[in-house]
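Structure first, commentary second.
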Amino acid sequence: MAARLSGHELSDLCLGKPPLRALSVRDTVADALAALKRIDDTYVSVWNCNHSFIRKQQPQIQSQNQCCCTCIGKVCMLDIICFLSKPQSLSSPSAALHSPISAALQDNSAVLVLHLPPSASLLEAIDVMQEGVQNLVIPIQNQVESLDSNNVHHNNNTTYCWLTQEDVLRYLLNSIGVFSPTPGNPINTLGVIDTKNLFAVCYDDPASSILDLLALSLIYQSSVAIVDPNGKFGGEISPVMLNSYDESVVPAIATLSAGDLTAYIDCGGPPEDLVQLVKERVKEKVEEQNMLELLGDETTRTGLTSWSSFSSSCSSDEEFCSGKNWKLGGYSARVGRRSEAIVCHRWSSLVAVMIQALSHRVSYVWVVEEDGTLTGIVTFQGMLKVFRDHLKSMC
């Protein structure tokens, strides 16, 4: 049974998958921002050709690249938020938005996606995913012509879908009995608790100081924990939540503490006192920089335009600086619950942790002790390694 399961083709997992929305590497950060606001997907794929669902194709360029289109990465709202929150972007927001989309991609974005044929086996998919690949780009077979103008055709009129680690784990869950008794074993006996790639900050740390950790959390498909001085787990700043916002959250990241930011991006919407605090601190930044400019401090000149623009935006636009969720036009209604972090214990079974993650649509579960001390994290990648080792031992 295990040998038969490992030999299942990826085409079985692709049934019903929608075609990928694609951006061109020639598009800008502003194009990516507009695309993400236009679709329901968290990520949009980026290709090395001229095909882009938000632009009309140029026939001469399309013909040159029609047989060599390759997906080179993916971009989400958090990628853009992190890019726009960098000092060089804050100094010139307009220039940052007109930067090529490659500027917002992760440095190793190309290794997070991989092309595989529909005939590739499930075991082949698990092999590469447990090494860090997050999305498999698969040609859609027996495709039916769609009237959706957002669909993009590559390589001799081919459309693609992609498979995620979540897709594979859901597929394995349907045959969980094949792996018995492993799924029922405690996670601390299976080597899936990651203590090395554990990203955490203290409540009072500046939110701006965690940008690099947020970028890493996208690579490891995890999150950034908030802990107290004793290491007790107190919450998280989750890519899932930040992906439901847009560039208007940048002032909050630039002015709040990590702990306050968790309340700001909470599903219930930011408290009014935090909204006002962001506006006041942006105003203080403008006044401070204007004073330094009058004193002739050249080191502050590059930041003047950005803080002034934030201040005017916060004053003229009620939604800017208010943390309003752009996906549904309300306060994070997309998730429909408070942004409570999902936790387990080291004695929790693998299947229990797996179901926790899949039911909450997150790719990780925090591991805490009985007293609340944070000790590790379990990710989809770690779970897949366990199933891969089991399948290999039975084939």
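The shown structure was predicted, so the numbers you read here are calculated from the model rather than taken from an experiment.
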**Item:** Donor-acceptor contact below 3.5 Å, side chain S223 vs main chain I237
**Value:** yes

**Request:** Without swapping roles, check the side chain of S238 against the backbone of V240 for a donor-acceptor pair under 3.5 Å.
**Result:** yes

**Request:** Please tell me if the side chains of T379 and Q221 come closer than 4.5 Å, counting only heavy atoms from C-beta onward.
**Result:** no

**Request:** Looking only at non-hydrogen atoms, find the nearest pair between L374 and F233 and report the distance.
**Result:** CD1-CD1, 4.0 Å

**Message:** Is it the case that the side chain of S92 and the backbone of S89 share a donor-acceptor pair, with hydrogens and angles ignored and the cut-off at 3.5 Å?
**Reply:** no

**Request:** Please find out if less than 6.0 Å separates the ring center of F380 from that of Y364.
**Result:** no

**Asked** Are side-chain heavy atoms of V367 and I377 found at a separation under 4.5 Å?
**Response** no

**salt bridge (Lys or Arg N to Asp or Glu O under 4.0 Å) between K392 and D127, worked out** = CA-CA 10 Å; K392 293 251 181 179; D127 273 339; 3.6 Å; yes

**Message:** Assess the residue pair L20 and T159 against the criterion (side chain to side chain contact (heavy atoms under 4.5 Å, CB included)); give the C-alpha distance rounded to whole Å, side-chain angles, the decisive distance to 0.1 Å, and a yes or no.
**Reply:** CA-CA 7 Å; L20 278 181; T159 56; over 6 Å; no

**Message:** Quick one, R21 and R38 - any side-chain contact, counting heavy atoms below 4.5 Å?
**Reply:** no

**Message:** I'd like to know if the side chain of Q134 and the backbone of L218 have a donor-acceptor N/O pair within less than 3.5 Å.
**Reply:** yes

**Request:** Could I get the full list of side-chain hydrogen bond (donor to acceptor under 3.5 Å, both in side chains) partners for S348, not counting sequence neighbours?
**Result:** none

**Message:** Run D31 and I101 through side chain to side chain contact (heavy atoms under 4.5 Å, CB included) and show every step you take.
**Reply:** CA-CA 8 Å; D31 291 329; I101 194 174; over 6 Å; no

**Request:** List the steps and the verdict of side chain to side chain contact (heavy atoms under 4.5 Å, CB included) for V224 and E236.
**Result:** CA-CA 5 Å; V224 179; E236 65 176 346; over 6 Å; no

**Item:** Non-hydrogen atoms of V128 and A125 that approach each other most closely
**Value:** CG2-O, 3.2 Å

**Message:** Between N188 and W347 (side chain of the first, backbone of the second, donor and acceptor by atom type, cut-off under 3.5 Å), is there such a pair?
**Reply:** no

**Asked** Out of curiosity, N48 CG to S102 OG, how far, rounded to the nearest 0.5 Å?
**Response** 12.5 Å

**Item:** Minimum side-chain heavy-atom gap L172-L122 below 4.5 Å
**Value:** yes

**Complete:** Heavy atoms of V29 and A104 approach each other most closely as CG2-CB, 4.2 Å

**Item:** Pairs involving residues 197-216, ordered by first then second residue, that meet ring pair (Phe, Tyr, Trp, His ring centres under 6.0 Å) (sequence neighbours left out)
**Value:** F199-Y220

**Asked** Given side chains that start at C-beta, do those of F387 and L5 come closer than 4.5 Å, heavy atoms only?
**Response** no

**Asked** Relative to each other, are the rings of Y160 and W47 parallel, tilted or perpendicular (30° and 60° limits)?
**Response** tilted

**Message:** With rounding to the nearest 0.5 angstrom, report the CG to SG distance, L36 to C76.
**Reply:** 7.5 Å

**Prompt:** Are any of the side-chain nitrogens in R388 or E124 under 4.0 Å away from the carboxylate oxygens of its partner?
**Reply:** no

**Request:** Test D27 against S24 for side-chain hydrogen bond (donor to acceptor under 3.5 Å, both in side chains), laying out the working first.
**Result:** CA-CA 5 Å; D27 289 328; S24 167; 4.9 Å; no

**Request:** Using a 4.5 Å cut-off on heavy atoms from C-beta on, say whether the side chain of T28 contacts that of L97.
**Result:** no

**Message:** Treating Q165 as the side-chain partner and V133 as the backbone partner, does any N or O pair qualify as donor plus acceptor under 3.5 Å?
**Reply:** yes

**Request:** State, with a plain yes or no, whether a side-chain heavy atom of H345 is found less than 4.5 Å away from one of V368.
**Result:** yes

**Asked** Looking only at atom types and distance, does a side-chain atom of S85 sit under 3.5 Å from a main-chain N or O of C82, one as donor and one as acceptor?
**Response** no

**Message:** I need the minimum non-hydrogen distance between I140 and C161, along with the two atoms involved.
**Reply:** CG1-N, 3.7 Å

**Request:** With rounding to the nearest 0.5 Å, note down the distance linking CG in N135 to NE2 in H115.
**Result:** 11.0 Å

**Message:** Are the side chains of V168 and I126 in contact, using a 4.5 Å heavy-atom criterion?
**Reply:** yes

**Asked** Under 4.0 Å between a Lys/Arg side-chain N and an Asp/Glu carboxylate O for D79 and K74?
**Response** no

**Complete:** Heavy atoms of I193 and G376 approach each other most closely as CG2-CA, 3.9 Å

**Asked** Out of C14, P117, S11, which residue meets the side chain to side chain contact (heavy atoms under 4.5 Å, CB included) rule with I138?
**Response** C14

**Request:** Can you see which heavy atom on M383 is nearest to which on L350, and at what distance?
**Result:** CG-CD1, 4.0 Å

**Distance (rounded to the nearest 0.5 Å) between S349 OG and I355 CD1** = 7.5 Å

**Message:** Between Y171 and L163, is the side chain to side chain contact (heavy atoms under 4.5 Å, CB included) condition met? List the steps.
**Reply:** CA-CA 11 Å; Y171 193 78; L163 294 175; over 6 Å; no

**Request:** Without swapping roles, check the side chain of N230 against the backbone of K232 for a donor-acceptor pair under 3.5 Å.
**Result:** no

**Prompt:** Can you tell me how far the CD1 atom of I81 sits from the NZ atom of K86, to the nearest 0.5 Å?
**Reply:** 13.5 Å

**Separation of L391 CG from L123 CG (nearest 0.5 Å)** = 6.0 Å

**Asked** N185 and T182: side-chain hydrogen bond (donor to acceptor under 3.5 Å, both in side chains), yes or no, with the steps?
**Response** CA-CA 5 Å; N185 292 340; T182 301; 4.7 Å; no

**Heavy atoms from other residues, nucleotides or ligands near CD of E272 exceed 12 (cutoff 6.0 Å)** = yes

**Message:** Taking the six-membered ring for Trp, are H360 and W366 closer than 6.0 Å centroid to centroid?
**Reply:** no

**Message:** Taking A120's backbone N and O only, do any of them form a donor-acceptor pair with E9's side chain (distance below 3.5 Å, no angle check)?
**Reply:** no

**Check: D41 side chain, Y43 main-chain N or O, donor-acceptor pair, under 3.5 Å** = no

